[in-house]
There are 2 protein chains.
Amino acid sequence: MGRELSNGDLPALVLAVLSKGPSYGYAIAREVELLSDQALRMREGSLYPALRVLEQDGLIVGEWAPQPKGADRKVYTLTEAGRKEMVRRTQELRDYATVIHTVLGRIGDAQPA
Amino acid sequence: MGRELSNGDLPALVLAVLSKGPSYGYAIAREVELLSDQALRMREGSLYPALRVLEQDGLIVGEWAPQPKGADRKVYTLTEAGRKEMVRRTQELRDYATVIHTVLGRIGDAQPA
DNA sequence: ATATTATACATAGATTCTAAGGGTATGTCA
DNA sequence: TGACATACCCTTAGAATCTATGTATAATAT
């Protein structure tokens, strides 16, 4: 029910999701799962620490938002620096995914039929 | 000069390279770098431990091969179990690369122009 | 002599993950 | 009423994997 994310790819996806607008931990995780048709899973144990690192790095800012119903949420917004970093990291991630396909394709193509 | 491999992707690529025929640590690393046009880097500190794990898991077998010139090499060969596992892991890796593109594409497509 | 390339390996430390759990609130179902 | 599920926040322990760096040998190139 969903492969784990690879090393370091999680923050890039968090920034990508936040580039669509402010959101909070739980919703970010659900959004990634939704966008991947449940192929990716984002665990709380890696998400929340990652959010803290992104905030410490000044790429996002979090603010507590009291809710009329249910538990309060900590809503994160991308900063300007965060938007730039988002562009950089998502491009890196795309390039990585592309090169994986290239390498595996080249190896597969070399197989005897 | 080459992005590092993500978590867990290294053994899959090692198995993929070995599916073309026996090889040894140094050559495997160079092959991955070549096939990726130097976009990927495979470091010794992660390659050699990974080779040991793959051997312990019975997916590859290593044999020392004395060389007429230069240092001896430990040449690894894929086992039958290793070949099956190679198919499984490379497919997982392909799927992962694909879903990354899908997710980033969907987020990007939702951006205002 | 020194540096570079080819080859093997080890270890320390950092990062990031997985697994597991605690805590609150609301809604649902028997 | 009580149990359970869902929606949210968070933490910690331990495993896995990585990066960085160093040891070692041999050949080759400067």
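Only heavy atoms go into these numbers, but all of them, side chains included; no hydrogens, no water, no symmetry mates. Here is the naming used below: chain letters follow the sequence lines, and residue numbers restart at 1 for every chain.
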Between [N] ([atom2]) and [X] ([atom1]): distance, integer Å:
X       : N      : atom1 : atom2 : answer
A/Arg30 : D/dA5  : CZ    : P     : 16 Å
A/Tyr76 : D/dC8  : OH    : C1'   : 12 Å
B/Tyr96 : C/dC17 : OH    : P     : 9 Å
A/Glu33 : D/dC8  : CD    : P     : 13 Å
A/Arg73 : D/dC10 : CZ    : P     : 13 Å
B/Tyr26 : D/dA26 : OH    : P     : 17 Å

Working to the nearest 0.5 Å, report the span between CE of A/Met86 and OG1 of A/Thr79. 11.0 Å

Just verifying a value: how many Å separate A/Leu13 CG and A/Ser36 OG, rounded to the nearest 0.5 Å? 9.0 Å

Can you check whether [X] reaches [Y] side chain to side chain, under 4.5 Å on heavy atoms?
X       : Y       : result
A/Arg83 : A/Leu15 : no
A/Val61 : A/Tyr76 : no
A/Lys74 : A/Tyr24 : no
B/Val99 : B/Arg94 : no
B/Ile28 : B/Leu51 : yes

Taking C/dC9, C/dC17, D/dC10 as options, the one with an atom nearest any side-chain atom of A/Leu10 is C/dC17

Without swapping roles, check the side chain of B/Glu55 against the backbone of B/Gly62 for a donor-acceptor pair under 3.5 Å. yes

Can a cation-pi geometry be assigned to B/Arg30 and B/Tyr26, taking NZ or CZ under 6.0 Å from the six-membered ring centre and within 45° of the ring axis? yes

Dump the pairs, protein N or O against N or O of nucleotides 18-26 of chain C, anything under 3.5 Å, distances to one decimal.
residue	atom	partner	partner atom	Å
C/dT18	OP1	A/Glu4	OE1	2.7
C/dA19	OP2	A/Arg43	NH2	3.0

Terminal axes of the helix from C/dA1-D/dT30 to C/dA30-D/dT1 (5 end pairs apiece), angle rounded to 10 degrees, sit apart by 10°

For A/Glu63, look at atom CD and say whether over 12 heavy atoms of other residues, nucleotides or ligands are found less than 6.0 Å away. no

Do A/Tyr96 and B/Asp9 pair up side chain to side chain, a donor and an acceptor below 3.5 Å, judged on atom types alone? yes

Numerically ordered, the residues 48-60 of chain B set in heavy-atom contact under 4.0 Å with DNA chain D is none

